[in-house]
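Below, chain A is the first sequence line, B the second, and so on; all start at residue 1. Source: prediction; values computed, not measured.
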There are 2 protein chains.
Amino acid sequence: MDRFYQKCKQHSLKITPQRTAVYKTLEASSSHPCADMIHKVLQKEFPNISLDTVNRTLITFSKVNIIDVVEGRGDPRRFDPNLDAHHHFHCLACNKIFDFHDTALDQITPSSDIAKKFIITGKKIVLKGYCDNCRSQASTL
Amino acid sequence: MDRFYQKCKQHSLKITPQRTAVYKTLEASSSHPCADMIHKVLQKEFPNISLDTVNRTLITFSKVNIIDVVEGRGDPRRFDPNLDAHHHFHCLACNKIFDFHDTALDQITPSSDIAKKFIITGKKIVLKGYCDNCRSQASTL
DNA sequence: TTGACAAATAGGATCAAATCCTATTTACTA
DNA sequence: TAGTAAATAGGATTTGATCCTATTTGTCAA
């Protein structure tokens with residue numbers, strides 16, 4: 001939690017009971033929850049907390065690198081006709097996805113206990129960041 | 001296109017003008033489009049084509065491995081409090097995300113021209129497939 | 001410690017993506 | 001070429017995300 005308070009101060013985010021609770025709830029979870037799930041949990045503690053607050057708070061946190069947004073950003077489902085080995089760079093600003101190829105990275109193999117536990121139908125390296133056009137919008141960490 | 005017809009027959013999907021057009025449009029695109037974008041393009045050719053058909057068709061294609069769904073599946077935005085190096089396995093059936101750790105994979109480095117072109121703020125290996133509980137639902141490829 | 005101000009919240013309204021429903025049409029098989 | 005199961009159109013519904021505005025609340029400086 002210390003790092004949480006520190007990061008908030010660093011980015012002059014006010015430390016509100018709601019924000020603290022949102023962070024604690026997410027940290028206690030291992031299911032990579034969405035805003036709605038966290039909202040449901042928090043309603044026990046804050047009967048009036050709004051979903052908008054939870055969602056806005058989570059987005060704010062992710063912008064200043066307190067937490068992370070994982071696969072899926074709430075955006076529409078997107079498709080790829082290319083089934084050959086390739087990897088993706090995802091621009092956080094313009095939302096474009098760039099393909100890149102790297103035969104060395106195609107070779108990566110997850111350790112055998114993963115392969116044993118799950119049926120793996122696809123693997124990909126996913127990079128996040130800012131593309132050439134959006135460099136300037138990179139958040140100051 | 002041959003492989004397209006072949007895969008359709010293999011899974012007894014009827015080859016309709018709409019399906020052919022959806023596939024052609026996606027294949028011609030390099031922007032990893034969503035259903036709505038493809039729908040807009042197709043309306044020139046098929047003034048009455050419905051968005052539902054486009055969306056349903058794309059999902060059908062992805063189920064039989066004609067195309068792929070990329071980062072984000074149209075599901076709600078999900079969050080992760082863990083900023084340390086780790087990787088994800090995403091179950092296509094139950095939609096759970098499992099963390100896994102692999103120090104060897106943490107070391108992977110995209111080739112330098114990628115690093116030069118983009119500002120990279122995150123990297124992750126994303127595996128897709130079926131978890132232990134959902135093994136049985138693995139689509140027959 | 002207090003007062004002022006900018007920032008954050010609640011709650012309802014709006015927007016957009018995805019899915020569902022059903023009548024109609026169509027591709028495939030025998 | 002006719003029968004049948006599958007696919008489509010189009011509208012309705014659901015749900016996640018965002019917007020708007022009045023009210024509340026942290027924070028900083030005096």
Side-chain angles (χ1 to χ4, degrees), chain A residues 4-23 25-26 31-64 66-67 69-79 92 95, chain B residues 4-23 25 32-64 66-67 69-79 92 95:
Chain A
F4 169 70
Y5 291 121
Q6 200 180 321
K7 281 246 182 186
C8 282
K9 296 222 162 169
Q10 189 182 334
H11 293 91
S12 39
L13 299 181
K14 292 184 181 173
I15 297 173
T16 66
Q18 291 91 334
R19 280 185 173 160
T20 308
V22 165
Y23 181 72
T25 303
L26 178 60
S31 65
H32 311 82
C34 60
D36 192 55
M37 296 176 195
I38 294 180
H39 181 239
K40 278 195 180 66
V41 172
L42 288 178
Q43 279 185 311
K44 292 169 197 158
E45 195 182 343
F46 299 85
N48 298 345
I49 195 169
S50 76
L51 175 59
D52 193 24
T53 294
V54 175
N55 200 41
R56 200 171 7 81
T57 299
L58 288 163
I59 292 174
T60 302
F61 286 170
S62 72
K63 277 190 183 149
V64 301
I66 293 177
I67 64 173
V69 178
V70 296
E71 293 85 81
R73 295 170 56 189
D75 298 325
R77 195 193 277 117
R78 291 169 71 172
F79 301 91
L92 297 172
N95 217 10
Chain B
F4 169 71
Y5 292 121
Q6 199 181 321
K7 281 246 181 185
C8 282
K9 296 220 162 168
Q10 189 182 335
H11 292 90
S12 38
L13 298 181
K14 292 185 180 171
I15 296 173
T16 66
Q18 291 92 334
R19 279 185 173 160
T20 309
V22 165
Y23 181 72
T25 304
H32 311 82
C34 59
D36 192 54
M37 296 176 196
I38 294 180
H39 181 239
K40 278 196 179 67
V41 172
L42 288 178
Q43 279 185 313
K44 291 169 197 158
E45 196 181 342
F46 299 84
N48 298 345
I49 195 169
S50 76
L51 175 58
D52 193 24
T53 294
V54 175
N55 199 42
R56 201 174 4 81
T57 300
L58 289 163
I59 292 174
T60 302
F61 287 169
S62 71
K63 278 190 182 148
V64 300
I66 293 177
I67 64 173
V69 178
V70 296
E71 293 84 82
R73 296 170 54 190
D75 299 324
R77 195 192 277 118
R78 291 170 71 173
F79 301 91
L92 296 172
N95 216 9

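For the pair B/Thr25 and B/Leu42, the tightest heavy-atom approach, listed with the atom from each and the gap, is OG1-CD2, 3.2 Å. Of all heavy-atom pairs between A/Cys8 and A/Ile66, the closest is SG-CD1, 4.2 Å. Listed here is the closest heavy atom pair of B/Arg78 and B/Asn95: NH1-O, 2.7 Å. In terms of heavy-atom proximity, B/Phe79 sits nearest to A/Asn55 at CZ-OD1, 4.5 Å. Closest heavy-atom contact between B/Ala21 and B/Glu45: CB-OE1, 4.3 Å. The two residues A/Arg73 and B/Arg77 have their closest heavy-atom pair at O-NE, 3.3 Å.
Whole-Å rounding puts the A/Tyr5 OH to D/dG26 C1' distance at 13 Å. Per the geometry, CZ belonging to B/Phe61 stands 12 Å off C1' belonging to D/dA7, to the nearest Å. Taking atom CG of A/Leu42 as the reference point, atom C1' of C/dA10 lies 14 Å away to the nearest angstrom. Atom pair A/Gln43:CD and C/dA10:P shows a separation of 10 Å (rounding to whole Å applied). D/dT23 atom P lies 16 Å from atom CG of A/Asn48, rounded to whole Å.
Side-chain atoms of A/Arg19 come within 3.5 Å of backbone atoms of A/Lys14 as a donor-acceptor pair (strictly under, hydrogens ignored).
A/Thr53 has a side-chain polar atom (N or O) that falls below the 4.0 Å cut-off from OP1 or OP2 of C/dA10.
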5' to 3', nucleotides 14-25 of chain C under a 4.0 Å protein heavy-atom cut-off (B base, S sugar-phosphate only, - none) gives ---SSBBB----

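A heavy atom lying under 4.0 Å from DNA chain D marks the following residues of residues 12-21 of chain A, by number: A/Lys14, A/Ile15, A/Pro17.
Remark: of the listed residues B/Ile49, B/Leu51, B/Leu58, B/Leu58 is the sole one forming a side-chain contact (heavy atoms from CB on, under 4.5 Å) with B/Ile38.
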